[in-house]
Amino acid sequence: MTVATTVTATTVTAVEAATASETAACAGLDERIRRNPGAHRVLTGDRPTGPLHLGHYFGTLQNRVRLQRLGVEMFVVVADYQVITDRDIADRLSEHAENLVLDYLATGLDPDRATIFAHSAVPALNQLLLPFLSLVSVSELSRNPTVKDEIAHSRQSAVSGLMFTYPVHQAADILFCKADVVPVGQDQLPHLEVARTVARRFNERYPHPDGTAVFPRPEGLLSAAPLLLGTDGTKMSKSRGNAVALAADEDTTARLIRSAKTDTERRISYDPATRPEVSSLVLLAALCQDRRPEEVAEEIGDGGGAALKRTVTEAVNEHLRPIRALRADLAADRGYVRQVLRDGAERANAVADATLDEVRAVMGSV
Ligand code: ATP
Ligand code: MG
């Protein structure tokens with residue numbers, strides 16, 4: 001399946017909430033990567049807070065696999081420390097982390113080419129947080145719209161300090177390996193802005209003696225589905241109980257899609273601005289079938305929400321069948337999954353140690 005592989009003129013219409021300039025920036029970045037994949041490095045990741053879902057798959061996972069196939073070097077962080085930004089305890093952490101790795105492997109990430117590691121296994125990465133925190137103000141952190149949204153959906157009665165420093169921690173994730181490309185969903189763009197600010201201020205304050213910069217300028221890469229909606233009509237999220245997991249069985253998938261919010265208009269159309277829930281479902285079917293969303297909507301016509309949901313269910317189940325089968329095979333060997341994380345941690349530690357040495361040197365703290 002080739003859909004969502006480039007942010008082209010067709011996919012621009014499918015981009016729901018991304019602004020025209022964000023979309024144009026992604027198209028430009030995509031073009032530069034395709035011209036010279038070896039000149040770029042990717043960092044992406046997910047919190048081990050539950051099973052990955054369709055939002056992850058069409059929002060970032062497909063893009064990661066495509067970039068890997070292009071030959072771009074890739075680091076993937078299982079962001080275990082970030083689980084406790086909005087929860088008191090990290091529940092079933094190692095189980096979620098291993099499931100995350102299974103989802104990665106089943107969707108096509110190759111551990112020989114991608115460095116897959118957990119935050120907590122790479123101490124030098126986390127140390128970057130200290131100098132980085134000195135580069136941003138408290139008011140900048142409290143203005144971050146994604147932090148505000150996550151606070152609104154948080155399970156904690158009080159907002160933790162880690163929640164506010166989350167974007168700076170993410171800057172450390174990205175910059176420890178000097179990544180310049182970050183395939184993300186729409187919600188992460190404000191965090192990317194923080195990472196760019198941190199990189200720019202660090203480079204200005206602490207240049208190398210020859211004047212060169214320590215860090216690159218990281219850019220977010222959106223897919224054709226930067227904000228897939230969940231069954232309740234808000235962003236599909238692991239923690240909002242509105243997600244269809246990649247690993248769900250076909251009946252569960254059917255039940256969840258049947259429960260998805262739509263509207264009362266019988267004629268199905270693709271109009272993300274005025275009919276977000278229906279359009280997100282149409283887009284989902286289109287992505288699975290490698291078709292244009294307008295064409296899918298036209299075909300369902302006056303069939304109403306029930307026909308739309310039948311189409312989406314069949315499309316999702318069919319598209320995910322080989323991925324789910326591979327995942328079930330891989331799940332039989334947990335030892336292999338743990339080995340992937342150990343190998344990844346070894347490679348990530350070497351890179352993080354080198355970056356931290358460089359940071360200490362330019363800061364004069366050696
Ligand atoms: P949580 O509810 O625990 O925050 P989540 O579902 O939001 O989980 P994250 O681990 O926070 O998942 O996000 C991992 C990556 O997946 C990010 O790049 C994020 O932008 C992307 N992503 C998550 N949900 C969606 C979605 N509904 N549509 C597109 N991209 C998404
Ligand atoms: Mg999230």
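We count ligands from 1, going down the list as the structure has it; atoms in each ligand are counted the same way. Computed over heavy atoms, backbone and side chain alike; hydrogens, waters and symmetry mates excluded.
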Trainee: Among P51, G55, A79, which residue places a heavy atom closest to atom 26 (C) of ligand 1?
Mentor: G55

Trainee: What are the two closest heavy atoms between V42 and P183, and how far apart are they?
Mentor: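 Answer, listing the atom of V42 first, then P183: CG1-CD, 3.5 Å.
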
Trainee: Quick one: look up the protein heavy atom nearest atom 1 (P) of ligand 1 and list residue, atom name and how far away it is.
Mentor: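 Heavy-atom neighbour on the protein nearest atom 1 (P) of ligand 1: S239 OG, 3.3 Å.
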
Trainee: Tell me, which protein residue and heavy-atom name are nearest atom 28 (N) of ligand 1, and how many Å apart are they?
Mentor: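 I find the closest protein heavy atom is L228 N, 3.0 Å.
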
Trainee: Between R240 and D86, is there a side-chain N and carboxylate O pair less than 4.0 Å apart?
Mentor: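 No, no charged N to carboxylate O under 4.0 Å.
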
Trainee: For atom 14 (C) of ligand 1, which protein heavy atom lies nearest, and how many Å away is it?
Mentor: D46 OD1, 3.0 Å

Trainee: Measuring from atom CE of M74 to atom CG of L67, what distance do you get when rounded to the nearest 0.5 angstrom?
Mentor: 5.5 Å

Trainee: Heavy-atom distances under 4.0 Å are what count here, so tell me which part of T49 touches ligand 1: side chain, backbone, both or neither.
Mentor: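 Side chain only.
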
Trainee: Using a strict cut-off of 4.0 Å, indicate which atoms of ligand 1 neighbour a heavy atom of T60.
Mentor: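 Heavy-atom distances to T60 below 4.0 Å select 16 (O), 18 (O), 21 (C).
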
Trainee: Does a side-chain N-to-carboxylate-O contact under 4.0 Å join D180 and R217?
Mentor: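 No, D180 and R217 are not salt-bridged.
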
Trainee: So which of R87, K235, H56, E150 gets nearest to atom 24 (N) of ligand 1, if we judge by its closest heavy atom?
Mentor: K235

Trainee: Looking only at N/O atoms, are M236 and ligand 1 under 3.5 Å apart anywhere?
Mentor: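 Yes, since at least one N or O of M236 sits under 3.5 Å from an N or O of ligand 1.
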
Trainee: State the atoms of ligand 1, each with its element, that fall below the 4.0 Å cut-off from a heavy-atom position in A225.
Mentor: 29 (C)

Trainee: Check each of P226, G241, G185, G230 against atom 18 (O) of ligand 1 and report the one with the nearest heavy atom.
Mentor: G185

Trainee: With a 4.0 Å cut-off on N to O distance, would you call E358 and K178 a salt bridge?
Mentor: yes

Trainee: Is it the side chain, the backbone, both or neither of L227 that has a heavy atom closer than 4.0 Å to ligand 1?
Mentor: backbone

Trainee: Please check if any side-chain donor atom of R47 sits under 3.5 Å from a side-chain acceptor atom of T85, or the reverse.
Mentor: yes

Trainee: Quick test of your reading of the model: are R35 and E31 salt-bridged, counting only N-O distances below 4.0 Å?
Mentor: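 Looking at R35 and E31, the cut-off is met.
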
Trainee: Where is the tightest heavy-atom contact between K235 and N242, given as atom of each residue plus distance?
Mentor: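 That closest heavy-atom pairing would be O-ND2, 3.0 Å.
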
Trainee: Which of the numbered atoms in ligand 1 are below 4.0 angstrom from a heavy atom of G59?
Mentor: 29 (C), 30 (N)

Trainee: Could a heavy atom of S223 be found less than 4.0 Å from some atom of ligand 1?
Mentor: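 Outside the 4.0 Å threshold, so no.
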
Trainee: If you look at every heavy atom in A179 and P216, which pair is closest and at what distance?
Mentor: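 Looking at all heavy atoms of both residues, the shortest contact is O-CG, 3.6 Å.
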
Trainee: Counting only heavy atoms closer than 4.0 Å, does ligand 1 sit against the backbone of H53, its side chain, both, or neither?
Mentor: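 Looking at H53 and ligand 1, just side chain atoms fall under 4.0 Å.
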
Trainee: Between D187 and ligand 1, which part of the residue brings a heavy atom under 4.0 Å of the ligand: side chain, backbone, both or neither?
Mentor: side chain

Trainee: Check this for me: does any side-chain nitrogen of one of R34 and D30 sit under 4.0 Å from a carboxylate oxygen of the other?
Mentor: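 Looking at R34 and D30, the cut-off is met.
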
Trainee: In plain terms, say whether R201 and E204 are close enough for a salt bridge, that is, a side-chain N and a carboxylate O under 4.0 Å apart.
Mentor: no

Trainee: Under a 4.0 angstrom heavy-atom cut-off, which atoms of ligand 1 come close to V184?
Mentor: 18 (O)

Trainee: Which atoms of ligand 1 have any heavy atom of S237 under 4.0 Å away?
Mentor: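 It comes down to these atoms of ligand 1: 2 (O), 6 (O), 7 (O).
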
Trainee: Could you name the option among Q188, K238, R47, H96 that has the heavy atom nearest to atom 6 (O) of ligand 1?
Mentor: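 Nearest heavy atom to atom 6 (O) of ligand 1 lies in K238.
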
